[in-house]
Number of protein chains: 2
Amino acid sequence: MKTKDRILDTALTLFNQQGTAAVSTNHIADAAGISPGNLYYHYKNKEEIIGALFERLFAAWAVGFDLPTDQMPTLADVERLVRENFRIVHQYAFIHRELVALLRSDSALHDRFIAVRARGLDGFREIVGALEMSGVLKPLAAPDEVAQLANLCWLISEFWVSSLEVSGQTVDDDGMQRGVDLMLYALKPYLNG
Amino acid sequence: MKTKDRILDTALTLFNQQGTAAVSTNHIADAAGISPGNLYYHYKNKEEIIGALFERLFAAWAVGFDLPTDQMPTLADVERLVRENFRIVHQYAFIHRELVALLRSDSALHDRFIAVRARGLDGFREIVGALEMSGVLKPLAAPDEVAQLANLCWLISEFWVSSLEVSGQTVDDDGMQRGVDLMLYALKPYLNG
DNA sequence: GTCTATATCGCGATAGAC
DNA sequence: GTCTATCGCGATATAGAC
């Protein structure tokens with residue numbers, strides 16, 4: 001399983017640099033130092049390569065998103081979570097740059113993505129709920145306030161990197177920190193103490 | 001200038017349906033009921049067509065974003081603004097679906113977009129500032145609070161439609177209303193009265 | 001598993017008649 | 001302004017040898 005993985009590594013680099021449209025299977029094979037035929041031995045087509053990279057992304061999310069279950073989450077945990085997400089999103093930059101378009105052209109992938117995303121958003125809601133329970137957040141009046149607050153944080157965590165790119169800013173530690181700051185600002189009115 | 005515009009109308013429809021990668025100049029010409037050669041008489045290439053559609057988007061923004069200058073803006077104005085933006089973003093859906101990728105492959109367009117976007121964000125900051133002045137919002141402690149609050153609203157207004165699409169929800173009045181609600185929720189802690 | 005060779009296709013773009 | 005015809009290219013994908 002060496003070549004198969006190297007194809008993915010190479011494809012990820014090229015996709016991130018030039019976008020999926022500009023990168024052909026020939027380019028990938030060439031950059032990976034193998035023949036076009038060999039690439040097609042390992043993957044049916046470009047779509048399957050993209051799908052495999054999505055699976056890598058999902059795996060990275062699964063690793064990055066597990067919180068200690070034996071203790072209540074803190075605000076620092078949320079911060080770490082969002083920062084980690086920015087890092088992953090940036091690592092698979094091409095996916096988020098072309099996300100809506102990619103999902104529209106592969107409905108099976110779209111279904112899979114929706115499921116993974118829903119789990120992530122659920123997790124976020126649980127964390128916000130736990131923060132309220134543990135007193136980090138003030139008691140929220142309406143029950144759907146938890147959901148709204150989670151939605152807000154989620155939107156930032158999902159699109160902040162895109163926002164940086166669209167506005168011509170570099171996606172570095174500093175830019176990511178501003179995203180974290182914005183999320184903390186959104187939470188501030190609800191913080192205790 | 002009849003054909004030239006019909007090419008744009010057709011291209012917009014096809015791009016929104018299938019994405020820029022899947023739509024060739026031949027497809028556009030065919031759907032517009034003209035020959036490929038004729039299309040190239042009016043536009044140098046596909047990139048120029050995409051650029052022209054961006055200009056249409058900018059024009060729509062310019063029209064949709066002017067507020068009455070003779071009186072202070074109200075919260076309802078902001079609501080209207082965001083809702084109008086959702087409508088425009090959805091009308092030029094393909095642009096926001098592929099935004100980062102499109103801008104990366106055309107640096108002149110990127111510069112232009114950044115300038116237009118910066119003006120829009122500035123306008124948003126002014127409105128938030130005016131809301132504070134007129135007492136709709138409570139006095140904000142730090143001077144950069146205005147900017148943070150504007151950033152937050154801007155992020156929602158820019159990416160809410162994408163968020164709907166990514167999560168598999170339809171982009172209809174109801175979905176857009178939930179985006180407006182989220183923005184109002186973000187503003188709520190700072191509202192007077 | 002990996003290569004070379006090749007078939008097929010359609011895209012982008014231009015030339016030249018009308 | 002609009003058409004038809006066409007060239008050149010590169011992309012996807014497969015066949016078959018090693």
Side-chain angles (χ1 to χ4, degrees), chain A residues 1-56 94-95 97-98 101-110, chain B residues 1-56 94-95 97-98 101-110:
Chain A
M1 293 293 150
K2 193 86 185 309
T3 301
K4 194 158 185 172
D5 285 334
R6 203 165 75 259
I7 293 173
L8 284 194
D9 292 341
T10 310
L12 177 58
T13 303
L14 293 179
F15 286 161
N16 281 346
Q17 282 169 356
Q18 313 170 41
T20 56
V23 176
S24 71
T25 50
N26 280 6
H27 291 145
I28 299 171
D30 202 42
I34 62 170
S35 68
N38 194 3
L39 182 144
Y40 277 95
Y41 171 80
H42 291 286
Y43 295 97
K44 217 175 87 231
N45 49 36
K46 201 161 105 176
E47 189 177 8
E48 200 173 284
I49 295 176
I50 293 173
L53 286 173
F54 266 85
E55 288 304 327
R56 276 201 183 179
F94 87 94
I95 288 187
R97 283 179 195 142
E98 310 177 28
L102 290 174
L103 296 182
R104 279 172 61 91
S105 68
D106 185 340
S107 66
L109 186 60
H110 198 171
Chain B
M1 294 293 150
K2 192 88 186 306
T3 301
K4 193 158 186 170
D5 285 334
R6 203 167 70 258
I7 292 174
L8 284 193
D9 292 340
T10 310
L12 177 57
T13 303
L14 293 179
F15 286 160
N16 281 345
Q17 283 169 356
Q18 311 171 42
T20 56
V23 176
S24 71
T25 50
N26 281 7
H27 291 145
I28 300 171
D30 202 43
I34 62 172
S35 68
N38 194 3
L39 182 143
Y40 278 94
Y41 171 80
H42 290 286
Y43 295 96
K44 216 174 89 234
N45 49 36
K46 201 162 106 177
E47 189 177 8
E48 200 173 284
I49 295 177
I50 293 173
L53 287 172
F54 265 85
E55 288 304 327
R56 276 201 182 180
F94 87 93
I95 288 187
R97 281 178 197 144
E98 310 177 27
L102 290 174
L103 296 182
R104 278 172 62 92
S105 68
D106 185 340
S107 66
L109 186 60
H110 198 172

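Just so you know, these numbers use all the heavy atoms, side chains as well, and skip hydrogens, waters and symmetry mates.
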Would you kindly give the [atom1]-to-[atom2] distance between [X] and [N], to the nearest whole Å?
X	N	atom1	atom2	result
A:Tyr41	C:dG1	OH	C1'	6 Å
B:Asp30	D:dT4	CG	C1'	14 Å
B:His42	D:dC3	NE2	C1'	12 Å
A:Glu47	D:dT12	CD	C1'	13 Å
A:Ile34	C:dT4	CD1	P	11 Å

(message) Which heavy atom of A:Arg104 sits nearest to which heavy atom of B:Asn16, and what is that distance?
(response) NH2-O, 3.0 Å
Which protein N or O atoms sit under 3.5 Å from an N or O of nucleotides 10-14 of chain C?
from   : atom 1 : to      : atom 2 : distance (Å)
C:dC11 : OP1    : B:His27 : NE2    : 3.3
C:dC11 : O5'    : B:Ser24 : OG     : 3.3
C:dG12 : OP2    : B:Thr25 : N      : 2.8
C:dG12 : OP2    : B:Thr25 : OG1    : 2.8
C:dA13 : OP2    : B:Tyr40 : OH     : 3.3

(request) Using a cut-off of strictly less than 4.0 Å, decide whether A:Asn38 has a side-chain nitrogen or oxygen near OP1 or OP2 of C:dC3. (result) yes
Test item: [X] side-chain N/O and [Y] main-chain N/O as donor-acceptor pair under 3.5 Å:
X	Y	result
A:Arg97	A:Gly19	no
A:Lys44	A:Ile49	no
A:Glu98	A:Thr20	yes
A:Tyr43	A:Lys4	yes

(request) Return the set of residues passing side chain to side chain donor-acceptor pair (under 3.5 Å) with B:Ser105 (not counting sequence neighbours), or none when no residue passes. (result) none
(message) Among residues 2-21 of chain B, which ones have heavy-atom contacts with DNA chain C below 4.0 Å?
(response) none
(request) Could you grab the distance from atom CG of B:Leu14 to atom CD1 of B:Ile28, nearest 0.5 Å is fine? (result) 6.5 Å
(message) Is it the case that the side chains of A:Ser24 and A:His27 hold a donor-acceptor pair, with the cut-off being a distance below 3.5 Å and no angle test?
(response) yes
